[in-house]
Amino acid sequence: MANSYCGLMYAASVDAETISALARDGVDAHAESIGYHAQQLAEKMVKAAFESKEVDFPFTHNIRLLLKKAEQEELLSEPSEETIESALYLSSLISVTRYAEAPDFQEGEARRAVAASNAIAAFLKENGYDAIKVELGDESALEKE
């Protein structure tokens with residue numbers, strides 16, 4: 001899949017493929033890494049919306065702030081409460097999944113992170129942008145939207 005994209009969508013597709021590969025080996029065994037890549041996937045997809053319109057995006061990992069800036073730039077419509085909640089949840093994972101000192105991120109949290117990333121993907125697709133959804137536990141886990 002990665003070869004069908006360029007720029008930030010290429011980078012996002014690598015995160016999606018990483019999630020899929022890790023999930024095949026066991027979601028619980030790789031929960032923190034899956035959570036990290038789900039956050040990165042969503043962040044890069046939102047930044048790709050800016051990139052596709054040649055608009056500078058803010059230097060932040062906070063997906064909620066990126067969505068707000070994209071709305072101000074008229075790149076995206078106003079996000080739903082579900083989209084905002086998904087963005088806030090994923091943004092809360094920035095430190096938790098990158099700098100964990102102990103394995104306290106569990107399978108349920110990894111699945112929630114992927115679901116949140118998928119909600120961001122659905123919102124981007126509704127706005128006419130490329131998006132990638134990841135389904136855990138499926139051999140063909142990547143779905144190009």
Side-chain angles (χ1 to χ4, degrees), residues 1-25 27 29-101 103-138 141-145:
M1 171 173 290
N3 292 333
S4 64
Y5 292 112
C6 61
L8 284 166
M9 279 306 294
Y10 168 79
S13 72
V14 171
D15 286 305
E17 289 175 352
T18 300
I19 293 168
S20 179
L22 291 170
R24 282 193 297 274
D25 191 46
V27 175
H30 302 288
E32 287 176 353
S33 293
I34 289 170
Y36 169 78
H37 287 286
Q39 186 280 332
Q40 287 289 286
L41 171 59
E43 178 185 332
K44 292 171 188 172
M45 287 190 297
V46 174
K47 287 179 176 178
F50 286 88
E51 183 180 66
S52 72
K53 302 294 185 185
E54 298 181 355
V55 175
D56 292 336
F57 50 83
F59 182 72
T60 183
H61 298 294
N62 187 312
I63 298 165
R64 175 62 184 119
L65 291 177
L66 290 167
L67 290 174
K68 188 172 189 168
K69 178 68 172 172
E71 183 184 359
Q72 291 169 348
E73 294 286 340
E74 299 182 355
L75 301 175
L76 296 172
S77 62
E78 181 178 355
S80 67
E81 284 299 315
E82 177 191 7
T83 302
I84 292 169
E85 288 175 20
S86 295
L88 291 171
Y89 178 69
L90 288 167
S91 296
S92 77
L93 301 181
I94 294 165
S95 298
V96 172
T97 58
R98 285 184 193 181
Y99 307 113
E101 294 179 11
D104 57 357
F105 198 79
Q106 305 299 317
E107 180 176 352
E109 293 163 305
R111 290 185 181 281
R112 182 177 175 199
V114 170
S117 181
N118 287 344
I120 300 295
F123 175 67
L124 291 166
K125 184 66 176 171
E126 289 169 12
N127 279 269
Y129 294 97
D130 285 338
I132 303 167
K133 287 187 177 181
V134 179
E135 301 301 329
L136 298 178
D138 181 354
L142 301 180
E143 179 184 324
K144 184 176 180 179
E145 281 287 307

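Just so you know, residue 1 is the first one in the sequence shown, and it goes up from there. Basis for what follows: all heavy atoms, side chains included, without hydrogens, waters or symmetry-related copies.
When all heavy atoms of Ile63 and Ala87 are compared, the pair lying nearest together is CG2-CB, 3.8 Å. Between Tyr89 and Glu109, the shortest heavy-atom contact is OH-O, 3.5 Å. The minimum heavy-atom distance between Ile120 and Ser86, with the atom names listed, is CD1-CB, 4.2 Å. Scanning all heavy atoms of the two residues, the minimum distance from Ala16 to Val134 falls at CB-CG2, 3.7 Å. For the residue pair Ala113 and Leu90, the shortest heavy atom distance occurs at O-CD2, 3.5 Å. Of all non-hydrogen atoms in Leu41 and Ser117, the two that sit nearest each other are CD2-OG, 3.4 Å.
For the pair Asn127 (side chain) and Phe123 (backbone), a donor-acceptor distance under 3.5 Å is present.
Sorted by first then second residue, the salt bridge (Lys or Arg N to Asp or Glu O under 4.0 Å) pairs that include residues 47-61, not counting sequence neighbours, are Glu43-Lys47.
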Quick one: side chains of residues 64-74, donor-acceptor pairs under 3.5 Å with protein atoms, not counting sequence neighbours, listed by atom name and distance.
residue, atom, partner, partner atom, Å
Lys69, NZ, Glu73, OE2, 3.1

Stepwise, does the side-chain contact (heavy atoms from CB on, under 4.5 Å) test hold for Lys44 with Met9? CA-CA 7 Å; Lys44 292 171 188 172; Met9 279 306 294; over 6 Å; no
Yes or no on side-chain contact (heavy atoms from CB on, under 4.5 Å) for Leu136 and Ile19, after CA distance, side-chain angles and deciding distance? CA-CA 8 Å; Leu136 298 178; Ile19 293 168; 3.7 Å; yes
Should Tyr36 and His30 be marked as a side-chain contact (heavy atoms from CB on, under 4.5 Å) after you check the CA-CA gap, both sets of side-chain angles, and the distance that decides it? CA-CA 10 Å; Tyr36 169 78; His30 302 288; over 6 Å; no
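Thr83 and Ser80 share a side-chain donor-acceptor pair at under 3.5 Å.
A distance of 8.0 Å separates CD in Glu107 from CD1 in Ile34, rounded to the nearest 0.5 Å. Note that the OG atom of Ser52 and the CG atom of Leu124 stand 9.5 Å from one another [nearest 0.5 Å]. The distance from the OG atom of Ser13 to the CD1 atom of Ile132 is 5.0 Å, given to the nearest 0.5 Å.
The closest side-chain heavy-atom distance from Gln40 to His61 is below 4.5 Å. Side chains of Phe57 and Leu75 form no contact here, defined as non-hydrogen atoms less than 4.5 Å apart. A heavy-atom distance below 4.5 Å is found between the side chains of Leu76 and Tyr129. Within the 4.5 Å cutoff, the side chain of Val14 has no heavy atoms near those of the His37 side chain.
The side-chain hydrogen bond (donor to acceptor under 3.5 Å, both in side chains) search around Glu82 returns none, not counting sequence neighbours.
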